[in-house]
Amino acid sequence: MTGNSSLATKQHTLAQHTLTQQLSPLHQLREKAPMFIAVLFGVTIYASICNQFVPQDSIFYVSTYSITLLGKYLCFALLALAVDIVWGYCGILSLGHGAFFALGGYAMGMYLMRQIGDRGVYGHPELPDFMVFLNWQELPWYWQGFDQFWFAMLMVALIPGLLAFVFGFLAFRSRVAGVYLSIMTQALTYALMLAFFRNEMGFGGNNGLTDFKDILGFDLQQDQTRIALFITTAIILAIAYCASVMIMGSKLGRVIIAIRDAEDRSRFLGYKTEIYKVWLFVFSAVIAAIAGALYVPQVGIINPGEFSPLNSIEIVVWVAVGGRGTLYGAVIGALLVNYAKTRFTAIMPEAWLFALGALFVSVTVFLPQGIAGVLKENNWLRRLTQRTAQPAGGQA
Amino acid sequence: MKFGLLRRFFCALLFFLLQDSILAQTVNAQSPDEKADEIGQQGISASVEGVDNYASIQTLAGAKLNAVPAIVEQLESQLGQQGLSLFEAMLAGRLYYRKSDSQVVIIEKQGSDSDNYLLYDSLTLKLLGEEATANFRKVRVNNKLRKQLRTTIARLSLFSNDVELRTESIRSMLDKVDEDTIDLLNQLKEQETSESVLSLVDLAFAIYHFSDSDEQSIRLAALNTMDGSLEPAVRNLINRATERYEDGTYAEVDTRVRRKAEQIKSGIESKVAFYEFLETIFFGLSLGSVLLLVATGLAITFGVMGVINMAHGELIMLGAYTTYVIQLLLPNHIEYSILLAIPAAFVVSGFTGILIERGVIRFLHGRPLETLLATFGISLILQQTVRSIFSPLNRQVETPQWLSGSLEINSVLSITYNRLYILIFAVIVFLILQLILKKTSLGLHVRAVAQNRSMAKSIGIRTEWVDAMTFGLGSGIAGIAGVALSQLTNVGPNLGQSYIIDSFMVVVFGGVGNLWGTLVGGFTLGVTNKFLEPMTGAVLANILILVFIILFIQRRPRGLFPQKGRAAE
Amino acid sequence: MSMLDNMRETMRRDQVWNFLQPPSVAVNVDKQILLYIENLSVSFDGFKAISDLNLYINDGELRCLIGANGAGKTTLMDIVTGKTTPDTGSVFFGQNINLLGKTEAEIANLGIGRKFQKPTVFEAQTVYANLELALAYNKSILPTLIASLNGEQRDRIDEVLNIIGLREQRAMIAGALSHGQKQWLEIGMLLIADPRLLLVDEPVAGMTAQETERTAELLTSLAGDHTVVVVEHDMEFVRSIARTVTVLHQGSVLAEGSMQDVQNNPDVIEVYLGESH
């Protein structure tokens, strides 16, 4: 009590407007976004320039392979952001976000398939190769419209959004929470994986969708197209990041954190928590789906493996490593873990699963707040409160 | 011998349940030991009768293909019953002769990496030794010869001492009953004592008369005999007789006979449908028992302790690999190794479980989501460990003889022994577990800790120890499940992964913290799945079940049998 | 032109759209009774937590509920606030609003505030933000997203900060408060919404004598403008604030009246005081 009161005196000197300012989303944006955007675009532009204008033999040259790899990482960062929004801020541990990612990817893949036109192996003007192979006579109804870019992009957001809405509505309304919800989401992605493995579904079965040629008329194999995709990913990541910062910095964000820490209390204050959760889940699912849509043209394939429960749970580890409940933490975690994965699988592929497993255990046991937690610990938080607050999300 | 008895008991039980199937037969109902005895006796008599037989057999070596039929006929009359194994080996292409001295032997190929054959005596089936493959040449057979061999074997089996063989051979004749067969069967009928064989003989006569005779009364009588039979031959015959051509005429011109046949057909069809229904139920129960086995351990760790163990599937996998390793260590005792594997798997998985609990889970107490992630990490490590030690390829665990084969109730319904045993095994494991939880002091402590940890601690229960033991128990049961699974599927590093979601579903569906819920949940899901399968296909059935559970959990978040009391909230 | 006007009217920044506003129904308290609880029963797996309970709370009164553990006090609060659905019986807020079948959030928005037995605040957020979250306003998603504090609301927060004595701690993370301070903060979160009915479950548990005294003062001062129902085990505290006391026993009302009456009631002496002492 005495410790607190001396601290409180210090607090008292804080001007009233600082306190209320902290509650403003714009203020949050000014605090958190510039650094992030500067680093993100710094790297993006540097890498692009080094790829285009630096001769190949220079040590500053960045290969197109690296550009694609970076682009892939940024997609994963976006995906991690999506998981962090629901897990870090609302305590909903989704083990099925890979499903939304994959659905977005499939929607994009369907557009890219339709762009192949008659350049497929079988040369059919309308049907993708795998349908010709299965002796299908005409395009299934759900493939209609995907030759239009705008329509495909609409579906990228709509289908996963709708799935998230229905699932979330059912789950949150009947107050399924915690571990149950996690297992349900895992079952969801597992069921979808089984479904997409079936040839009759009309999504290419086991092999998925691949052999893409071009996007919006640009050849996917071209360096310039790759760079454009990379930069687009960076821009969308920046937009999603800023939007998330603003939302989490608004009163809505504070309600969401309140729901995470004390859902009953929020309910008795008059917040319809299930509705908040549903919409947050939908928002997060749409971001994950966009990440998937950006991912597919860069890696050139989408198959049912993306639905595998392991993939979804790996995303959670990126967020855990980076530090949940901090948006930049999720991004850092995704980048670091995936970089490690690339290096590991190149040097000693068998060891990757060991490393990943160890990462799961060590982060949860020793580093519950992740890297961001370590950064914070040494920084302002310690000065602000002497008694360490209950870890954010300790309830989760 | 013990297993023979056990098997007989279950046969009897099933007979009792399915009394109206007169033709109920057991195939393989004899224990392997008995069978070996019989063969042994035959062998002895053969060796007493003399070398002469072997000399005749030697004529097969290098004989021209068109000369072989005569030799086979000659051998048949000379050897009689004793020749069965010889002819069977010949039909299966396992009859070889040594190039140097024309000795005819039955060989057994070893693995693809071995250059030697195992040699068996052509009459007694005694193991003679091992010899290089290069020394031998195959006794050639062509299609015509194969046909001849089949009838020879059928003829020989018809007069065999073995009821089972006789039954088999009559059945194989039912498809095409001609005068020769009737003669043979007439001979058999005079000396036959077995009821079931006699009824088969009557059936054969009926089939013959129906096709052969023109007289209505005989044909109707024949139909009467066939009424209710599930033999494929009878079903084909009846189907042919009732067939309606496109021009509106019928294959059977005699209207009364046709009416009767149609009546019988519908009778048979409903009977077939009934047995197929029973079979679906059995398959469902079998799947349910697998689900029960994999979920029981989880019902302890997740249900009772509230610990989310995502490595549960890998503990199952460890159990399966333990079975594999024990078979490797005891290659000559396949029959018993599986029994030894049960306690071994319990110990291996249980010990691993205790390690996991002490090493990781206890630090994450009260943080279920973190526990979920950490144990998932452990599951990856365990998988990769197994992959590194045993290679990523699937390993084959051999099925002991007493677990292979099937109990054939009739030609529609047959029950494989491994599934039957696993069903029984699952229920036994479940009951033992119930006993442990309800009757032992460990069980009492476990329940006390589960209900009120701090209170349990304050009355002197070593909660830490109870935690470790409970977790060990749940994990050990996962290991036992692995032993059972090794008999049904391939043993590979991903074995556990494919069961983890299913087992969580069962526990959640049944109601967390309620073991009976797990039992009911497992069987319900199993049976439902198998009934859906014919309509939707296996994958879709699986998906539908998952969707169903997701919806079910929305309606009843606490499962079929929720834990009682206010504390459960 | 009129369309443009309509448009302008629709897009006015100073008010939310009609369809986003919860329908406001005025509580009818013509009979001076705010809460009607009649023939209420609920059981959990055969255990009757509440059995045939009748209770009327007058508008503006301060009522204390006492009773041994398991007498059904918390269950009663759960029912009134929508957390538990009773098997039979009716609960009316005023004469006109049926509380049964309404969700917790709807009931809260009607002006019924509840304080939990265990102090529950949003531990990861500042005291100030805690109070901001508890402010009465349209609590659906979009208004929440664009909400910002106006001067009136800031004054209201300051006022409540003064009442609960946490003015100096307002920038602190709520998780860092002491147990008693958390209790106060939670009471403050109820107060700030200016509820018609306050249900307070064991407000002084874990408080120092001084804090308890202040709580008693606060609750007494609230009565009149607000209706307050307090569940408490601390008899000293009950005596200090109570005007009317209701004794619950095994899920129904055993006695009702002033503290004096209740203490002399032979039934109470037998089952309640006799049991616990």
Side-chain angles (χ1 to χ4, degrees), chain A residues 1 3-5 7-14 16-20 22-26 89 173 246-247 250-276 278-280 325 381 384-395, chain C residues 22 81-83 103-116 120-126 128-130 132-149 154 157-158 166-178 180-181 186 189-190 193 199 208:
Chain A
M1 199 52 211
N4 277 338
S5 61
L7 189 76
T9 335
K10 224 186 282 171
Q11 293 301 323
H12 188 47
T13 57
L14 270 175
Q16 169 85 30
H17 79 269
T18 331
L19 200 58
T20 46
Q22 273 180 1
L23 301 181
S24 134
L26 279 173
Y89 287 88
R173 193 194 50 169
M246 298 248 315
I247 290 178
S250 74
K251 186 162 181 181
L252 178 63
R254 288 190 290 282
V255 173
I256 285 163
I257 296 172
I259 292 171
R260 175 192 74 192
D261 292 341
E263 183 164 1
D264 261 351
R265 179 73 276 168
S266 322
R267 233 182 247 138
F268 287 118
L269 284 182
Y271 294 101
K272 295 194 171 91
T273 58
E274 54 278 359
I275 301 201
Y276 279 79
V278 170
W279 286 110
L280 190 73
L381 193 78
L384 202 69
T385 56
Q386 284 191 332
R387 286 168 57 171
T388 320
Q390 194 71 37
Q395 298 284 321
Chain C
T81 51
K83 194 179 180 190
T103 65
E104 291 103 320
E106 281 165 351
I107 292 174
N109 286 328
L110 283 171
I112 299 181
R114 176 179 183 184
K115 195 205 145 305
F116 293 107
T120 317
V121 294
F122 305 125
E123 308 227 331
Q125 308 195 45
T126 60
Y128 199 88
N130 264 279
E132 184 220 7
L133 285 172
L135 275 170
Y137 74 110
N138 185 345
K139 283 171 180 166
S140 20
I141 291 209
L142 284 180
T144 309
L145 180 63
I146 51 173
S148 62
L149 287 176
R154 263 183 229 148
I157 294 178
D158 284 340
L166 292 177
R167 206 180 137 71
E168 295 188 342
Q169 286 87 352
R170 63 186 171 186
M172 259 172 87
I173 300 290
L177 294 176
S178 75
Q181 285 172 322
E186 199 183 4
M189 286 162 74
L190 298 191
L199 303 170
T208 61

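Order of the sequence lines sets the chain letters (A, B, ...), proteins ahead of strands, with each chain counted from 1.
- By the salt bridge (charged side-chain N to carboxylate O under 4.0 Å, His left out) test, A:Arg267 pairs with A:Glu263, A:Asp264, C:Glu104, sequence neighbours left out.
- With 3.5 Å as the limit, one finds a donor-acceptor pair spanning the side chains of A:Tyr276 and C:Thr144.
- Ranked by heavy-atom pairs under 4.5 Å with chain C, the first of A:Leu252, A:Ile247, A:Ile257, A:Ile259 is A:Leu252.
- Cation-pi geometry between C:Lys83 and A:Phe268 is not met: the NZ or CZ atom fails to fall both under 6.0 Å from the ring centre and inside 45° of the normal.
- The distance from the CG atom of C:Leu133 to the NZ atom of A:Lys251 is 6.0 Å, given to the nearest 0.5 Å.
- Remark: A:Lys272 engages no residue in a salt bridge (charged side-chain N to carboxylate O under 4.0 Å, His left out) (not counting sequence neighbours).
- No side-chain donor-acceptor contact under 3.5 Å links A:Asp261 to the backbone of C:Phe122.
- In this structure, OH in A:Tyr271 is found 9.0 Å from CG in C:Asn109, a value given to the nearest 0.5 Å.
- When all heavy atoms of C:Arg114 and A:Arg265 are compared, the closest pair comes out as O-NH2, 2.5 Å.
- With a 4.5 angstrom heavy-atom cutoff, A:Ser266 touches chain C via backbone and side-chain atoms both.
- For the set C:Glu186, C:Met189, C:Gln125, the count of heavy-atom pairs under 4.5 angstrom toward chain A peaks at C:Gln125.
- In this structure, the separation between CH2 on A:Trp279 and CG on C:Leu142 is 9.0 Å, given to the nearest 0.5 Å.
- When all heavy atoms of C:Ala108 and A:Leu269 are compared, the pair lying nearest together is CB-C, 3.8 Å.
- Heavy-atom distances place the side chain of A:Leu23, and not its backbone, under 4.5 Å from chain C.
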